[in-house]
Amino acid sequence: MKNPRVHEIATAMIDAVRKVLIDHQVTEAEYRAGVMYMMKVAEAKETGLISDVFLNSTIVEIKAANTHGSAPAIQGPYFKEDAPFVDGKLKTYDSDDHKPLLLHGTVKDEAGGVVSDAVIDIWHSTPDGRYSGFGGYHGDMPVEYYRGKIRTDSQGRWRVQTTLPAPYQIPNKGPTGALLTMMGSHTWRPAHVHFKIRKDGFEPLTTQYYFEGGEWVDSDCCNGVQPELVMPAAIEQNMQVMVLDFVIEKP
Ligand code: MBD
Ligand code: FE
């Protein structure tokens with residue numbers, strides 16, 4: 001069955017790629033190497049990763065230009081729908097060199113009204129740059145580590161404690177890392193925490209926040225940093241804290 005939207009977008013994408021092939025006089029051998037490369041991406045299970053490294057920020061730009069809510073950001077490939085609800089604290093592998101991080105704030109609507117009972121998913125990497133629940137490169141860390149869901153209270157407030165994430169290197173031993181290196185780029189992202197805020201009757205908000213002054217904030221390999229997403233370093237109760245007041249909007 002013909003799908004008009006697929007027709008429009010797929011046709012435009014193929015036209016755009018054909019133009020690149022012609023403009024750069026791509027040879028048969030180069031084309032074949034490209035096909036082999038795509039097979040390697042699939043084999044390494046990096047299809048999601050490579051898509052998000054290069055293209056997710058563009059989708060976010062489109063959304064950002066059309067929203068009255070908080071700034072959206074790239075979701076990346078490591079969201080897990082089945083993360084558990086947590087009671088004020090994400091499960092982490094605590095050790096002496098893991099610093100605590102307190103996250104709290106509110107969820108409001110565009111008119112400033114509190115949004116109670118919104119579900120917030122929070123996820124981030126281990127200090128050594130792995131995400132739970134993905135296996136392979138990431139090890140076999142169970143899905144309940146470094147991620148969880150919480151709900152806003154009757155005043156729209158939320159709060160959760162975790163450990164401070166470190167600058168993060170995307171999987172760099174596979175085809176995505178190899179391409180970035182051949183392109184003269186690198187595989188680093190600034191330390192970040194991901195959020196997804198959902199409430200019936202509102203547009204979901206997917207975002208992530210970075211730490212002011214953090215390494216790679218100015219040269220994220222995923223092009224995911226916007227000024228509104230960089231939070232100043234603040235301290236509360238002897239802990240580094242990020243205070244985030246989210247605004248979500250109706251469709
Ligand atoms: C990540 O952790 C991430 O957040 C993105 C956007 C891409 C790759 C890895
Ligand atoms: Fe991430």
Side-chain angles (χ1 to χ4, degrees), residues 40-42 44-64 70-83 90-93 98 101 103 120-141 143-149 160 162-183 185-197 204-212 214-231 242 244 246:
K40 276 196 202 148
V41 170
K45 297 197 163 62
E46 290 189 359
T47 308
L49 175 66
I50 197 168
S51 304
D52 288 345
V53 167
F54 292 110
L55 302 175
N56 200 348
S57 67
T58 302
I59 299 300
V60 167
E61 264 174 52
I62 297 164
K63 185 174 179 187
S70 297
I74 54 183
Q75 171 166 310
Y78 302 125
F79 172 64
K80 275 274 177 189
E81 190 57 84
D82 53 347
L90 298 191
K91 225 185 205 350
T92 57
Y93 291 113
H98 295 185
L101 171 66
L103 302 162
I120 307 180
D121 270 277
I122 298 162
W123 73 103
H124 65 86
S125 71
T126 59
D128 60 346
R130 294 170 300 113
Y131 280 88
S132 69
F134 280 88
Y137 169 95
H138 296 273
D140 48 13
M141 204 180 357
V143 71
E144 64 266 26
Y145 282 86
Y146 297 90
R147 55 176 89 234
K149 295 182 198 300
V160 71
T162 183
T163 53
L164 199 63
Y168 170 85
Q169 187 151 206
I170 67 160
N172 64 343
K173 304 258 185 319
T176 305
L179 179 58
L180 283 165
T181 303
M182 283 191 280
M183 290 168 71
S185 184
H186 61 78
T187 50
W188 288 93
R189 304 208 63 223
H192 59 277
V193 183
H194 296 266
F195 300 86
K196 188 187 282 287
I197 299 101
L205 170 65
T206 303
T207 191
Q208 62 174 289
Y209 283 85
Y210 310 93
F211 300 88
E212 194 173 273
E215 216 181 338
W216 308 105
V217 164
D218 299 319
S219 61
D220 176 15
C221 72
C222 296
N223 191 32
V225 182
Q226 294 296 327
E228 312 92 287
L229 303 172
V230 182
M231 286 293 119
M242 244 189 199
L244 301 170
F246 298 118

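Counting starts at 1 for both ligands and their atoms, in listed order.
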Counting from 1 in the order shown, the ligand 1 atoms closer than 4.0 Å to a non-hydrogen atom of Gly76 are 5 (C), 6 (C)
Specify side chain, backbone, both or neither for Asn56, according to which of its non-hydrogen atoms lie closer than 4.0 Å to ligand 1. neither
All heavy atoms of His186 vs all of Cys221, minimum pair found to be O-CB, 3.1 Å
Suppose we call two aromatic rings close when their centres sit under 6.0 Å apart. Are His192 and Tyr168 close by that rule? yes
Out of the candidates Arg147, Lys149, Lys196, Lys80, only one should pair with Asp121 under the salt bridge (charged side-chain N to carboxylate O under 4.0 Å, His left out) rule; please name it. Lys149
Just let me know how Ile170 lines up against ligand 1, side chain, backbone, both or neither, with a heavy-atom cut-off below 4.0 Å. side chain
Need the ligand 1 atom indices (1-based, order shown) with element for anything under 4.0 Å from a heavy-atom of Tyr131. 2 (O)
What's the shortest distance from atom 3 (C) of ligand 1 to any protein heavy atom, and which residue and atom give it? Arg189 NH1, 3.4 Å
Answer key: the N, O or S atom of His192 nearest to the Fe ion (ligand 2) is NE2
Atom indices of ligand 1, in the order listed, that fall short of 4.0 Å to a heavy atom of Cys222: 7 (C)
Of the protein's non-hydrogen atoms, which lies at the shortest distance from atom 6 (C) of ligand 1, and what is that distance? Ile74 CD1, 3.2 Å
Between His124 and Thr162, is any side-chain donor less than 3.5 angstrom from a side-chain acceptor? yes
Looking at ligand 1, would Gly224 count as a contact under a 4.0 Å heavy-atom criterion? no
Can you list the ligand 1 atoms lying under 4.0 Å from a non-hydrogen atom of His192? 2 (O), 4 (O)
Which heavy atom of the protein is the closest neighbour of atom 1 (C) of ligand 1, given with residue, atom name and distance? Tyr168 CE2, 3.7 Å
Would you say Tyr131 reaches the Fe ion (ligand 2) with an N/O/S atom under 2.8 Å? yes
Closest heavy-atom pair and its distance - Pro127, Tyr146: CD-OH, 3.8 Å
Within the distance-only criterion (no hydrogens, no angle test), does the side chain of Tyr210 pair as donor or acceptor with the backbone N or O of Gly224 below 3.5 angstrom? yes
Of all N, O or S atoms in His194, identify the one at the shortest distance from the Fe ion (ligand 2). NE2
Does Thr207 reach the main-chain N or O of Ala71 with its side chain, forming a donor-acceptor pair under 3.5 Å? yes
Main-chain N/O of Ala73 paired to Gln226 side chain as donor or acceptor, under 3.5 Å: no
Worked verdict on Glu46 versus Tyr137 for side chain to side chain contact (heavy atoms under 4.5 Å, CB included): CA-CA 11 Å; Glu46 290 189 359; Tyr137 169 95; over 6 Å; no
Work out whether the distance between some heavy atom of Leu49 and some atom of ligand 1 is less than 4.0 Å. yes
What do we get for Pro77 next to ligand 1 when only non-hydrogen atoms under 4.0 Å count, side chain, backbone, both or neither? side chain
Scan side-chain atoms only and decide if Tyr78 and His194 contain a donor-acceptor pair under the 3.5 Å cut-off. no
